[in-house]
K.L.:
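Mind looking over this structure? Questions follow.
Naming convention: chains lettered A, B, ... in sequence-line order (proteins, then strands); numbering from 1 in each chain. What you see is a predicted model, and the numbers here were worked out from it, not measured in a lab.
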Number of protein chains: 2
Amino acid sequence: MVRPRFTKLPLKQQQAIVQAALDEFAAHGFHDASLNRMIEAAGISKGTMYYYFDGKEDLYAYVARTGLAGLFVRVGPLPELDVGGADEFWAVLEGYYLNLLRALAASPQLAALLRGWTAASRTPSFETAKADLEQASLPWIEQALATGQGVGAVREDLPPSLLIAVVMGMGQAMDIWLMAQQPDDDALPGLVSSLITMIRRAVSA
Amino acid sequence: MVRPRFTKLPLKQQQAIVQAALDEFAAHGFHDASLNRMIEAAGISKGTMYYYFDGKEDLYAYVARTGLAGLFVRVGPLPELDVGGADEFWAVLEGYYLNLLRALAASPQLAALLRGWTAASRTPSFETAKADLEQASLPWIEQALATGQGVGAVREDLPPSLLIAVVMGMGQAMDIWLMAQQPDDDALPGLVSSLITMIRRAVSA
DNA sequence: CCTTGCTTAGACCACCAGTATAAACCGGTG
DNA sequence: CACCGGTTTATACTGGTGGTCTAAGCAAGG
């Protein structure tokens with residue numbers, strides 16, 4: 001876990017370190033990112049880095065967590081999902097997904113980081129960072145799923161873990177495809193609508 | 001690319017090297033697998049390994065390719081898909097998927113290797129091996145997709161690349177979920193049927 | 001028997017994440 | 001002012017990695 005003293009550092013230096021780490025992780029992925037390059041870019045020594053962070057995993061988790069937190073601050077909270085029937089449920093999800101994608105497109109480094117998340121998350125040398133971030137995101141998804149089942153928008157004949165896995169798999173594939181296409185702003189809503197419809201068809205009752 | 005001379009080696013030694021590499025890659029994933037451990041397990045020197053293979057990527061690609069080829073030999077070729085309408089198309093796919101999964105369950109090391117494939121495939125130090133295997137599998141999928149569209153089983157209003165991405169994302173998520181569940185043999189067909197149905201609902205016309 | 005070229009072993013390289021250590025700094029206190 | 005103790009820093013170091021290189025072994029052909 002990141003040392004508390006890091007937050008007491010001057011903001012300038014915090015940002016320098018986080019930015020250098022974000023650049024390096026986004027450019028090379030977790031494994032191929034070099035701590036040595038990061039500390040050089042940040043203008044600090046290796047001892048300093050290890051004085052503030054437990055290690056590479058810890059730094060990655062911190063950068064990803066703060067970046068994600070910033071993203072959700074920019075996008076705002078997920079609106080209430082249980083205000084209507086299935087159609088409203090999916091419409092709200094679609095709108096929120098569109099907002100998320102737009103915010104993500106504005107932070108390509110963060111997007112690269114999250115894309116690489118999948119890549120690194122199944123390698124053995126990554127367990128703590130993985131658990132760290134998934135603890136934060138899974139309950140959110142579980143709750144959305146339960147709400148969807150509550151309003152009759154999501155089937156209940158399959159294990160929730162399977163539905164979550166499939167939806168996340170589809171979402172990842174769509175994200176990567178969308179980033180690769182780089183659609184212009186007025187084409188995006190139509191595409192997102194198609195994608196949400198695919199998910200809806202797969203998991204609706 | 002693997003050197004041709006490797007195939008001229010006595011079969012025993014070829015198998016020793018491939019088996020050692022398969023064990024190591026399956027146990028640790030691409031990045032955390034150690035060439036040094038492999039050559040120790042195979043009883044050869046580092047010079048020998050680099051005499052037969054270009055490097056770690058090359059070795060991984062070779063092991064994955066031969067393992068996959070063996071799997072498809074055991075399972076047999078994909079039956080004709082264009083013999084009927086949409087229902088037959090999906091039924092044939094479902095049966096073939098079931099066979100593939102059963103064969104894969106019988107080779108846990110190969111399964112681990114392929115699961116790790118997704119993990120490693122988006123890291124920069126993996127591009128050639130990635131391209132190598134995907135060149136082999138993509139046309140196969142494209143053709144199945146085109147056949148599905150031909151018999152009216154697959155929608156034609158979205159870019160093929162998106163359909164492929166989504167289907168592969170769903171398939172990966174399902175594979176991983178299934179491997180984690182380790183369902184017994186008589187539960188598997190029902191689950192596979194549910195999974196294929198989800199894919200069908202997502203991409204059907 | 002000797003040469004030639006394929007094969008092999010292992011020393012070596014640059015780099016990696018992570019550690020150990022000792023010096024520098026700095027606020028507080030006698 | 002002098003000293004002290006904790007905080008922060010720079011840097012040398014460790015054991016490991018994938019990858020390279022060279023010189024010796026060895027077997028076949030003249």
K.L.:
What is the separation between atom CZ on B:R5 and atom P on C:dT7, rounded to the nearest whole Å?
P.N.:
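Result: 7 Å.
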
K.L.:
Give the rounded distance in Å between these two atoms: CZ of A:F53 and C1' of D:dT8.
P.N.:
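After rounding, the reported distance stands at 15 Å.
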
K.L.:
If you count the non-hydrogen atoms of other residues, nucleotides and ligands that lie under 6.0 Å from CD in A:Q143, is the total more than 12?
P.N.:
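Incorrect, the count does not exceed 12.
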
K.L.:
Rounded to whole Å, how long is the line connecting atom CD of A:Q14 with atom P of D:dT8?
P.N.:
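It works out to 12 Å between those atoms.
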
K.L.:
Would you mind reading off the distance between B:I17 atom CD1 and C:dT7 atom C1', rounded to a whole angstrom?
P.N.:
13 Å

K.L.:
If you only use heavy atoms from C-beta on, which nucleotide in D:dG19, D:dT9, C:dG18 is closest to the side chain of B:K46?
P.N.:
D:dG19

K.L.:
Can you tell me if A:Y51 touches the phosphate of D:dT11, counting only side-chain N or O atoms and a distance under 4.0 Å to OP1 or OP2?
P.N.:
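No, because none of the side-chain N or O atoms of A:Y51 sits under 4.0 Å from OP1 or OP2 of D:dT11.
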
K.L.:
OP1 or OP2 of C:dG10 sitting under 4.0 Å from any side-chain N/O of B:S45?
P.N.:
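For B:S45, the contact criterion (side-chain N or O under 4.0 Å from OP1 or OP2 of C:dG10) is not met.
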
K.L.:
Please give me the minimum heavy-atom distance between B:Q109 and B:A26, naming the atom from each residue.
P.N.:
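Closest approach of B:Q109 to B:A26: O-CB, 3.5 Å.
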
K.L.:
Given C:dT8, is OP1 or OP2 found less than 4.0 Å from the side-chain N or O atoms of B:Y52?
P.N.:
yes

K.L.:
Do other residues, nucleotides or ligands put more than 12 heavy atoms under 6.0 Å from A:M168 CE?
P.N.:
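No, the 6.0 Å shell around CE holds no more than 12 heavy atoms from other groups.
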
K.L.:
For A:G47, answer base if it contacts any base atom (sugar-phosphate contacts may also be present), sugar-phosphate if it contacts only those atoms, and nothing otherwise; contact means non-hydrogen atoms under 4.0 Å.
P.N.:
base

K.L.:
Ring-plane angle category for A:F30 and A:Y60, please: parallel below 30°, perpendicular beyond 60°, tilted otherwise.
P.N.:
perpendicular

K.L.:
What is the distance from CG of A:N36 to C1' of C:dA17, rounded to the nearest Å?
P.N.:
8 Å

K.L.:
Using atom CE of A:M49 as one end and atom C1' of C:dT19 as the other, report the distance to the nearest whole Å.
P.N.:
16 Å

K.L.:
Nearest heavy-atom pair of A:M49 and A:L59: which atoms, and what distance?
P.N.:
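So the two residues come closest at CE-CD2, 3.7 Å.
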
K.L.:
Counting just side-chain N and O atoms, does B:T48 come under 4.0 Å of either OP1 or OP2 of C:dA9?
P.N.:
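Affirmative; the distance criterion is met.
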
K.L.:
Kindly say whether, by distance alone, the side chain of B:K56 makes a donor-acceptor pair under 3.5 Å with the base of D:dG19?
P.N.:
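Side chain to base: no pair present.
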
K.L.:
Send over the distance from B:E40 CD to C:dA9 C1', rounded to a whole Å.
P.N.:
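Rounding to the nearest Å, CD of B:E40 and C1' of C:dA9 are 15 Å apart.
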
K.L.:
Atom CD1 of B:I39 to atom P of D:dG19: distance rounded to whole Å?
P.N.:
12 Å

